[in-house]
Amino acid sequence: MNMLVVICRFIADRLAPITLLGALVAYFYPPVFLVFKSSFLWFFAATMFAIGVVLDSSELQETLRTPRRILLGVLTQYTVMPLLGLAVALLSPLSAELKLGFIIVACAPGAMASNVMVYLAGGAVAFSVAMTTVATFLSPLLTPLLVETLGGELLYIPFWPMMETIVLIVVLPLGSGMLLGRYLGRYLETARSISPAVAAIAIVIICSYAVAANQDRIAVVGGWVVVMVILLNALGYLAGWWLARVYGFDANHRLTLAIEIGMQNAGLGVALALAHFSPETALPGALFAVWCILTAAGASSWLRQGGHALKTN
């Protein structure tokens, strides 16, 4: 069991390079990941279940006693990023499917991986967990509504099927994981050591499958998609940091909001795109997942080594 825990920690701590490796393998040899065509939704449900096991309900309850920051953070998540995603889509000379892919990613809740990045960067972990949890539970209603509102002019948006998908692969697994965590007793710490690796592996498989399914498209439009992914990610970080200053947040909470806004749950975006639209629509989400994990991991390492986050008042 100890060896299993060590291996799982190794995987979870190296999410960025493993994600990049998976994307590269998927691009140069797609068959490795195309076998997951019929099962990618199950993998995403596994990530939500694993995150539910890891969540500390007592820490969340303590953070929820001061809801102002959480409400401001969630409001920013579901207004600023969707508008940035729409702007990026309108600015890009891409197909309607790819533009919609950017909108779907921008309308997703914050990434659960952001909690790990906030921890590594020395940010406000409880605030990060509370914000992503609240945003995730709101996503069955808000994500399809925002996608339909902002992307309805591009393609037909199946609102109710999208909502049903989010309930089945997000809310139910997350709630089940949280419920199971209450009954694990002395095995809870072991489960919390294993769960992040389960989530990491599932996300790598989902995003790599999306890259594999779009290999031929990447060669044609990959340059523009990559530029727009980088732009959306950077604008999200900057908007989160600047608005946190406007809100009067301290340095730790400014850092946390920047990471939360810049890192979207692109895995959910990819799952929704693959389930309800053409594989082309999933490409922005797949590349965004790889890029935001790389940028957040790099920034977290720099901040952790130099303590820069705490020096900015």
Side-chain angles (χ1 to χ4, degrees), residues 44 47-48 51 55 60 63-64 66-89 101-119 121 123-151 162-163 166-167 170-171 174 203 229 231-249 252-272 284-285 288-289 291-293 295-296 299:
F44 191 83
T47 71
M48 292 295 101
I51 292 297
L55 287 179
L60 284 175
T63 304
L64 289 171
T66 55
R68 176 180 174 272
R69 282 191 181 126
I70 299 170
L71 292 175
L72 285 172
V74 173
L75 179 64
T76 303
Q77 182 78 63
Y78 280 121
T79 54
V80 172
M81 279 305 286
L83 291 174
L84 289 175
L86 177 63
V88 166
F102 279 103
I103 292 174
I104 292 174
V105 169
C107 293
M112 290 295 181
S114 64
N115 306 150
V116 178
M117 299 305 175
V118 168
Y119 169 74
V125 179
F127 170 54
S128 173
V129 172
M131 183 178 156
T132 52
T133 303
V134 172
T136 299
F137 276 113
L138 289 174
S139 64
L141 175 62
L142 293 183
T143 296
L145 179 62
L146 287 167
V147 171
E148 184 179 45
T149 301
L150 300 177
M162 284 183 68
M163 185 174 183
I166 297 176
V167 170
V170 175
V171 177
L174 186 64
I203 287 295
V229 162
L231 180 62
L232 180 60
N233 180 232
L235 289 175
Y237 288 143
L238 291 173
W241 179 268
W242 181 78
L243 286 171
R245 291 183 68 95
V246 174
Y247 300 153
F249 288 5
N252 273 352
H253 286 85
R254 290 202 298 270
L255 169 65
T256 302
L257 188 62
I259 293 175
E260 288 294 325
I261 302 304
M263 288 190 71
Q264 293 296 95
N265 194 336
L268 174 59
V270 171
L272 290 175
F288 189 93
W291 181 252
C292 77
I293 289 173
T295 57

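Atom set for the values below is all heavy atoms of this structure, side chains included, hydrogens, waters and symmetry mates excluded. Just so it is clear, the model here is predicted, and its values are computed rather than measured.
Residue pairs meeting the side chain to side chain donor-acceptor pair (under 3.5 Å) criterion with at least one member in residues 74-89, sequence neighbours excluded: T76-Y247, Q77-Q264.
Closest of all the heavy-atom pairs between P140 and T136 is CD-O, 3.5 Å. Considering every non-hydrogen atom in both L146 and P82, the closest pair reads CD1-CG, 3.9 Å. A pairwise comparison of heavy atoms in I103 and A89 identifies CG1-CB, 4.2 Å as the closest pair. Closest approach of A244 and H253 over heavy atoms only: CB-O, 4.5 Å. Of all the heavy atoms in C107 and L150, the pair that sits closest is SG-CD1, 4.1 Å. Between I261 and G236, the shortest heavy-atom distance links the atoms CG2-O, 3.4 Å.
The shortest side-chain heavy-atom distance between M263 and T295 does not fall under the 4.5 Å cut-off. Counting heavy atoms from C-beta on, the side chains of T143 and L272 come closer than 4.5 Å. Looking at C292 and F288, their side chains come closer than 4.5 Å, going by heavy atoms from C-beta outward.
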- Task: Determine, stepwise, if the pair M163 / L145 fulfils side chain to side chain contact (heavy atoms under 4.5 Å, CB included).
- Result: CA-CA 9 Å; M163 185 174 183; L145 179 62; over 6 Å; no
- Query: For L86 and F102, what are the C-alpha separation, side-chain angles and deciding distance, and is it a side chain to side chain contact (heavy atoms under 4.5 Å, CB included)?
  - Reply: CA-CA 7 Å; L86 177 63; F102 279 103; over 6 Å; no
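Looking only at distances, a side-chain donor or acceptor of R254 sits under 3.5 Å from a matching main-chain atom of F249. Remark: side-chain polar atoms of T256 are paired, donor with acceptor, to backbone N or O of A124 under 3.5 angstrom.
F127 CZ to L257 CG: the interatomic distance, rounded to the nearest 0.5 Å, is 5.5 Å. Note: N252 CG to S128 OG = 12.0 Å, rounded to the nearest 0.5 Å. To the nearest 0.5 Å, atom CE of residue M131 and atom CG of residue L75 are 9.5 Å apart.
T132 and E260 share no donor-acceptor pair across their side chains, judged by distance under 3.5 Å alone.
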